[in-house]
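Each remark here refers to the structure printed beneath this line.
The model shown is predicted, which means the values in this text are computed figures rather than measured ones. Lettering of chains follows the sequences in order, A, B, ..., and the numbering in each one begins at 1.
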Amino acid sequence: MSDLRVRFAPSPTGYLHVGGARTALFNWLYARHFGGTFILRIEDTDTERSTQQSVDAILQGMEWLGLDWDEGPFYQTDNFPLYKQHVQKLLDDGKAYRCWCSQEELEAKREAAMAEGRKPKYDGTCRHRQDQPLDQPFVIRFKAPEEGETEFSDLIKGRIAFPNAELDDLIISRTDGTPTYNFCVVIDDALMRISHVIRGDDHVNNTPRQIQLYQALGYPVPIFAHVPMILGSDKARLSKRHGATSVIAYRDMGYLPEALNNYLVRLGWSHGDDEIFSRQEMIEKFDINSVGRAPSVFNPEKLNWLNAHYIKQADPARLAELLKPHLATHGVSDTSAADLAGVVATLQERAQTLEEMAERALFYYQAPQAYDEAALAKFDKPHLAAVFTVVAAKLTAAQPADAAAVDALFKELCAEHSWKMPQVGQPVRVALSGSTQAPGIGEIVMALGLAETIARLERAKERVA
RNA sequence: GUCCCCAUCGUCUAGCCCGGCCCAGGACACCGCCCUUUCACGGCGGCGACGCCGGUUCAAAUCCGGCUGGGGACGCCA
């Protein structure tokens, strides 16, 4: 195993969304590609908003996508003593100071600065304060360098530099003594010996502050790679109003994990003109240098296409298991009437999601209550009755063993009665499924079984009589 | 407002680093045709982009500058 160590560090304040999932995937792929270590760390220092429920949801999402971690999950709340030691160290070294400015004061100063067109940064009031009223509430700020610039070479974006004058003295410890995000990440990444920090674009601005912290603490600075954001169709940051953003929601809508992974890996990353990647191919081909610098728009249509592709490829037995909950929501909990894997096989080329497949599979388990009257109206009643009678008789006599045999029977019977295929195909299809949109008749007959097929033909015959 | 980042078909993208092979390739979506017992699958074809303006060069999607547009950050959130 190499020294390469990466991490995915979500905050448990909600579900695992597709943006986070992609970040996790890129980290995972990078680690697997180089034989490194993938670490999962829960950033729960915001004790107000963090919930166990969110932790569970995130873990569930990761597991569903198959993003297994080598170490963790670690919780930052378990490291509070560690952070305190480091805060103290900075205080002792004169690299941090206590600040008694109230939130209201700061808020007012920010607004004033914005109004005047200045950057709303902390003005350093307490930086040189002499009295230390320790009985009054205070926060601890990092004493950031005021001149020069902080730069780094981003694996995706190249060189990025910030004038230090743009950065202010950030709070590293709150009034209640808990450490803040920017401080914790640095301590954790340093102590966990994270070599590459692959994270969302929205952290670019935090990077120079974190670099200054690494330097102040005497820790080596990791290599950064900032992945551009995922946007919604209106080019605004992807959010709920663009549709589902939760990974688990996609599972529940009937998407396969391999489809979501494949979609996500191609969002912002490419390998020539390749579109389909197996898990193994992703690992082999993934390369951080090929990640684009521009943000990308989430396109559900393409996800549908990939999902349809993987549904076609999937093992019917596996799909059958995954389909059950979807059938259940449509009132079908007993699937013993027709072989479910067989049913699935007839629908694999016709469904983009498992939910859609379930809807299309319903007729196998619920004999049609109504028929497509418009389709039936194209034929006169004697013809329909004749077709149903002849087909039922033929099926009974021949006992076909597979779909091809059934189809052969139909050709035979057309010849015998000088009917055109559509004249018998459509009525039978409607009799069996209720609709004209259905799998091939041979496939339906085999999945339904001869007895049920004939029963449905009889029922249809009574209806048209 | 300030700072940071970004800019090829509607969307995801190849090409850009190492200018000419690009009057720009692939994929999704859309349209048409074919296949066909329906619906699909599949096959074939079509529509469709280098944001704008300058510069460098024999030659620019590719290099440089400006503009415009978009995104992000500016929290005792992460």
Atom-pair distance (CD on A:Glu356; C1' on B:rC39), nearest Å: 11 Å
Touch class at under 4.0 angstrom, heavy-atom based, for A:Gly200 against every strand present: nothing
Watson-Crick or G-U wobble mate for B:rC30, both contacts under 3.5 Å: B:rG46
Touch class at under 4.0 angstrom, heavy-atom based, for A:Asp407 against every strand present: base
Touch class at under 4.0 angstrom, heavy-atom based, for A:Glu275 against every strand present: base
Base partner of B:rA40, which must satisfy Watson-Crick or wobble distances under 3.5 Å: none
Phosphate OP1/OP2 of B:rA73 contacted by A:Arg237 side-chain N/O (<4.0 Å): yes
Sugar-phosphate, base or nothing in reach of A:Leu267, heavy atoms under 4.0 Å: sugar-phosphate
Partner nucleotide, any strand, of B:rC3 [Watson-Crick/G-U, under 3.5 Å]: B:rG72
Pair A:Arg266 + A:Glu275: basic N to acidic O under 4.0 Å: yes
Spacing between A:Met114 atom CE and B:rC3 atom P, to the nearest angstrom: 13 Å
Touch class at under 4.0 angstrom, heavy-atom based, for A:Ser296 against every strand present: sugar-phosphate
Touch class at under 4.0 angstrom, heavy-atom based, for A:Val204 against every strand present: sugar-phosphate
Complementary nucleotide for B:rC63 - Watson-Crick or wobble, under 3.5 Å: B:rG55
Sugar-phosphate only, base, or nothing, as touched by A:Ser435 at under 4.0 Å among non-hydrogen atoms: nothing
Flag side-chain contact, heavy atom, 4.5 Å: A:His17 against A:Ser246: no
Sugar-phosphate only, base, or nothing, as touched by A:Asn206 at under 4.0 Å among non-hydrogen atoms: base
For B:rC17, the Watson-Crick or wobble partner whose two distances fall under 3.5 Å: none
Touch class at under 4.0 angstrom, heavy-atom based, for A:Arg49 against every strand present: base
A:Trp269-A:Phe26 aromatic ring centre distance below 6.0 Å: no
